Amino acid sequence: MTRLSRYFLPTVKEAPADAEAVSHKLLVRAGLVRQVGSGLWTYLPAGWRAHRRAEQIVREELDAIGAQEMLMPVLHPAELWQRSGRYEIDELFKLEDRRGAPHVLAMTHEEVVTLHVSRDVRSYRDLPQILYHFQIKERDEPRPRAGLLRTREFIMKDSYSFDRDREGLDRQYDLHLGAYDRIFERTGLEWYRVESDVGMMGGHGAHEYMAPCAAGENDVALSGAGYAANVEVASATPQAVDGLPAPLGAPERVETPGATTIEQVAGLLGVPAGALVKAIPVMTEGSGPLLVVLRGDHRLNEIKLANHLGSAVRPATDDEVASEFGSVPGFIGPVGAKAPVLADEALRGLAGLVAGANDRDLHLRGVEPGRDFEPAWGDVRRVEPGDTCPRGGEIRIEPAIEVGNTFKLGTRYSEPLGATYLDEQGTEQLIQMGSYGIGPARILAAAVEQYADEAGISWPRSLAPWDVELVGLGKEGEEARDVAERLYEELSGQGLEVVYDDRSASPGEKFADAELLGCPLRLTVGRKGVEAGEVEAQVRRGREKRAIPLDGAAAAAAGLWRELP
RNA sequence: CGGGGAGUGGCGCAGUCUGGUAGCGCACCCGGCUGGGGGCCGGGCGGUCGCAGGUUCAAAUCCUGUCUCCCCGACCA
């Protein structure tokens with residue numbers, strides 16, 4: 001019997017002064033977690049119960065697609081990470097053992113799982129495989145934040161698929177998407193799956209599972225037409241520019257003294273920002289200077305740019321603007337540019353534009369891409385709210401927290417780590433890999449963010465540390481307490497997990513704590529109710545109360561509970 | 001890494017400018033009352049003022065250095 005009088009559930013009235021995010025405040029206030037250091041958290045007993053419930057949902061759905069649970073260590077020899085080329089990552093904790101041998105603390109487990117597969121998979125007959133574990137990840141984050149949302153140490157479910165070919169990988173990937181869809185449906189979260197960036201480390205496809213919430217770190221582009229993509233990769237048709245000036249036969253120079261920003265130039269010339277050409281000088285890793293031009297009211301998406309170019313980019317310095325671009329900061333433009341020009345697709349077909357003249361205090365008007373300069377074209381802008389998505393709906397952008405991700409890795413790790421098999425012809429082939437992550441802690445934090453109200457947490461039924469909080473009023477020895485004890489047994493008999501508040505605190509304090517903790521159903525047994533032959537039931541989501549007859553109360557409560565979200 | 005803020009009983013804060021016996025609320029302990037929305041009365045316990053050095057008769061307070069934490073941004077296989 002879980003009695004609150006003997007349970008370590010230290011609730012507090014005031015949130016930590018430095019907490020900002022709702023989930024951070026409430027998880028601490030409700031006594032579920034405590035901070036140890038920056039980005040380092042302890043789960044107290046009730047918080048760990050919730051974490052295990054999230055884990056169990058994930059475990060059941062992965063087992064259902066044939067994934068096999070195992071456990072790999074957190075401490076790895078550095079050599080593995082040197083072989084995969086990831087030893088230089090800044091977020092990787094590095095340390096030495098007593099003999100001075102370099103080790104790392106794992107931030108993920110591709111290296112180790114691939115090591116095992118490389119050693120023990122010989123034949124196509126040994127494939128496919130899906131292996132997974134729940135294990136602590138260590139990442140030396142530059143800035144942990146918002147309680148559990150971004151920590152330096154956290155538990156992740158990471159699974160890995162191994163196949164003989166790309167078709168097999170695609171199948172395993174789709175199996176995972178199905179399992180993930182079911183997992184997030186079961187958590188009770190509001191969620192969506194979005195296309196995501198595969199990152200510079202390669203791969204052939206990636207999705208992210210996002211839970212929308214105010215404290216989210218990612219921006220997601222959504223539309224009513226069912227489109228959902230991380231803004232890092234989202235594409236859309238831009239809104240038209242209102243009030244575009246009439247085209248000219250040829251560009252004309254116009255004096256714009258001191259006007260170095262889009263707003264200043266637009267204001268000075270009386271044209272909308274969208275009539276300007278925004279020119280961004282960048283240095284690319286491989287091929288030197290590049291002038292990227294966008295519509296004046298658009299923003300550069302550096303990830304889309306890097307993906308388009310296939311190499312990393314950085315902004316050019318003012319010195320480079322002079323030496324490499326032959327221009328002046330604030331007055332850069334594509335007409336007569338010294339460097340190659342890459343134009344965003346949104347500029348295609350426009351005329352009568354205003355662009356920098358590459359001379360101090362001068363712009364050009366009547367500029368027309370394709371006539372006055374000949375760029376390479378690419379979609380490198382950030383989508384904006386109001387754009388039209390590929391499926392025809394209007395784009396809106398919302399913050400969200402990433403709760404899961406899936407990557408088609410291909411041979412990114414099997415190649416450097418030598419994970420191969422022999423096919424039917426006896427030919428050695430590289431194994432095709434996928435990797436798939438879920439952070440149970442983020443599921444919890446997102447649930448708190450999404451459903452909290454002024455009284456505290458309001459768990460979905462699937463994640464709550466207990467199904468029912470039973471509040472016993474009155475003093476020890478009074479009849480109501482005996483009734484509460486009996487009801488506890490009956491509720492347990494109905495298969496419900498119950499926490500019983502048997503403390504000698506005041507009713508108000510118990511109610512406040514119960515609502516802070518957020519179990520989906522609260523049952524209150526007090527003298528008044530017992531005399532009337534009733535128990536009070538309060539559904540946490542919405543906080544509405546109703547009386548249920550004491551006779552058969554457990555079965556009625558169980559029925560009510562099953563109806564809850 | 002850039003910018004901003006904060007370290008004083010368990011939590012939230014005042015005191016620092018202007019150096020002079022370390023305070024308040026909550027929590028906690030004891031006793032009593034109360035018993036359906038964080039209740040009341042009385043009595044208590046608990047603090048190297050982040051750390052180190054310096055100035056001074058005297059430092060939470062002034063000076064120097066340093067550590068830690070938070071927020072915004074950058075970053076985030």
Side-chain angles (χ1 to χ4, degrees), chain A residues 10-21 24-25 28-29 31 34-40 81 84-92 104 106-111 114 137-147 149-152 154 156 158 196-203 206 208 215 217-218 230 232 302-303 312 314-315 401-402 405 407 409 412-413 416 433 435-437 439 454-456 471-478 480-481 484 501 503-516 522-532 534-536 538 543 545 547:
Chain A
T11 59
V12 285
K13 270 191 207 168
E14 290 177 281
D18 47 29
E20 223 34 63
H24 183 185
K25 292 179 184 171
V28 171
R29 284 193 53 212
R34 285 292 185 268
Q35 186 167 16
V36 174
S38 181
L40 302 173
W81 290 71
S84 72
R86 295 209 292 180
Y87 188 65
E88 302 309 323
I89 291 172
D90 289 335
E91 282 73 26
L92 189 63
V104 307
M107 50 193 295
T108 176
H109 283 78
E110 279 85 0
E111 279 80 359
T114 307
K137 309 298 175 206
E138 304 281 353
R139 296 185 185 180
D140 195 359
E141 293 286 350
R143 188 157 98 78
R145 59 177 291 276
L149 283 183
R150 185 167 211 84
T151 56
R152 294 197 294 172
F154 61 97
M156 180 161 88
D158 39 325
S196 71
D197 182 36
V198 294
M200 294 300 289
M201 294 300 268
E208 288 167 338
E217 304 187 284
N218 296 89
N230 194 316
E232 291 175 350
E302 288 187 36
I303 291 169
R314 63 169 175 82
I401 184 72
E402 180 186 346
N405 56 37
F407 290 92
L409 292 172
R412 165 66 184 83
Y413 295 92
M433 281 181 65
S435 81
Y436 316 86
E454 62 284 353
V471 175
L473 300 181
K475 276 183 281 207
E476 188 98 15
E478 291 183 2
R481 290 305 190 96
D501 191 349
R503 298 173 300 169
S504 61
S506 70
E509 202 171 337
K510 293 184 178 185
F511 295 147
D513 272 354
E515 283 166 355
L516 180 59
R522 185 186 83 198
L523 297 176
T524 304
V525 179
R527 182 176 49 81
K528 289 180 187 171
V530 170
E531 284 170 1
E534 287 173 352
V535 173
E536 179 198 272
Q538 186 210 42
R543 299 168 72 194
K545 294 178 224 174

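Quick note: numbers below take in every heavy atom, side chains included, and nothing from hydrogens, waters or symmetry partners. If you're wondering where the values come from, they're calculated on a predicted model, not measured in any experiment. Naming: A, B, ... by sequence-line order, numbering from 1 per chain.
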Handout entry: Pairing partner (Watson-Crick or G-U wobble, both distances under 3.5 angstrom) of C69(B)
Key =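 Its partner is G5(B) (Watson-Crick or G-U wobble, both distances under 3.5 Å).
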Exercise for the section: May I ask which nucleotide in the shown strands pairs with A22(B), Watson-Crick or G-U wobble, both distances under 3.5 Å? Expected result: none
Mind checking the [atom1] distance from [N] to [M]? Whole angstroms is fine.
| N | M | atom1 | value |
| --- | --- | --- | --- |
| U16(B) | C62(B) | C1' | 10 Å |
| G46(B) | G2(B) | C1' | 42 Å |
| C51(B) | G35(B) | C1' | 49 Å |
| C49(B) | C24(B) | C1' | 16 Å |

Exercise for the section: Please report the closest heavy-atom contact between Ser38(A) and Arg152(A), naming both atoms and the distance. Expected result: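 Heavy atoms only, the tightest pair is O-NE, 2.8 Å.
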Practice task
For Gly39(A) and Thr151(A), work out which heavy atoms get closest and say how close.
Solution key: O-CB, 3.3 Å
Under 3.5 Å between N/O atoms: give me all the protein pairs with nucleotides 33-37 of chain B, atom names plus distance.
from: G35(B); atom 1: N2; to: Ser504(A); atom 2: O; distance (Å): 3.3
from: G35(B); atom 1: N2; to: Ala505(A); atom 2: O; distance (Å): 3.4
from: G36(B); atom 1: O6; to: Gly526(A); atom 2: N; distance (Å): 3.0
from: G36(B); atom 1: N2; to: Glu536(A); atom 2: OE1; distance (Å): 2.1
from: G36(B); atom 1: N2; to: Glu536(A); atom 2: OE2; distance (Å): 3.2
from: G37(B); atom 1: O4'; to: Gly508(A); atom 2: N; distance (Å): 3.4
from: G37(B); atom 1: O6; to: Arg522(A); atom 2: NH2; distance (Å): 2.9
from: G37(B); atom 1: O6; to: Lys545(A); atom 2: NZ; distance (Å): 2.8
from: G37(B); atom 1: N1; to: Glu515(A); atom 2: OE1; distance (Å): 3.4
from: G37(B); atom 1: N1; to: Glu515(A); atom 2: OE2; distance (Å): 3.1
from: G37(B); atom 1: N2; to: Glu515(A); atom 2: OE1; distance (Å): 2.5

Problem - Euclidean distance, atom CG of residue Leu149(A) to atom P of C75(B) [Å, nearest integer] - result: 19 Å
Handout entry: Separation of A14(B) P from Glu14(A) CD (nearest whole Å)
Key =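 Rounded to whole Å, this separation is 12 Å.
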Handout entry: OP1 or OP2 of C71(B) under 4.0 Å from side-chain N/O of Arg143(A)
Key = yes
Practice task
Please check the phosphate of C70(B) (OP1 and OP2 only) for any side-chain N or O of Ser38(A) closer than 4.0 Å.
Solution key: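 True: Ser38(A) side-chain N/O within range (under 4.0 Å) of C70(B) OP1/OP2.
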Exercise for the section: Just compare G12(B), A77(B), A27(B) and give me whichever is closest to any side-chain atom of Lys13(A). Expected result: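 Looking only at side-chain atoms, Lys13(A) lies closest to A27(B).
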Practice task
Among the candidates C71(B), G38(B), A77(B), find the nucleotide nearest to the side-chain atoms of Arg29(A).
Solution key: G38(B)
Practice task
Under 4.0 Å between any heavy atoms, over every strand shown, what does Ala480(A) touch: base, sugar-phosphate, or nothing? Just pick one.
Solution key: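 Since no nucleic acid heavy atom lies under 4.0 Å of Ala480(A), the category is nothing.
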Exercise for the section: Assess whether one donor atom and one acceptor atom, taken from the side chain of Asp513(A) and the base of G38(B), lie less than 3.5 Å apart. Expected result: yes
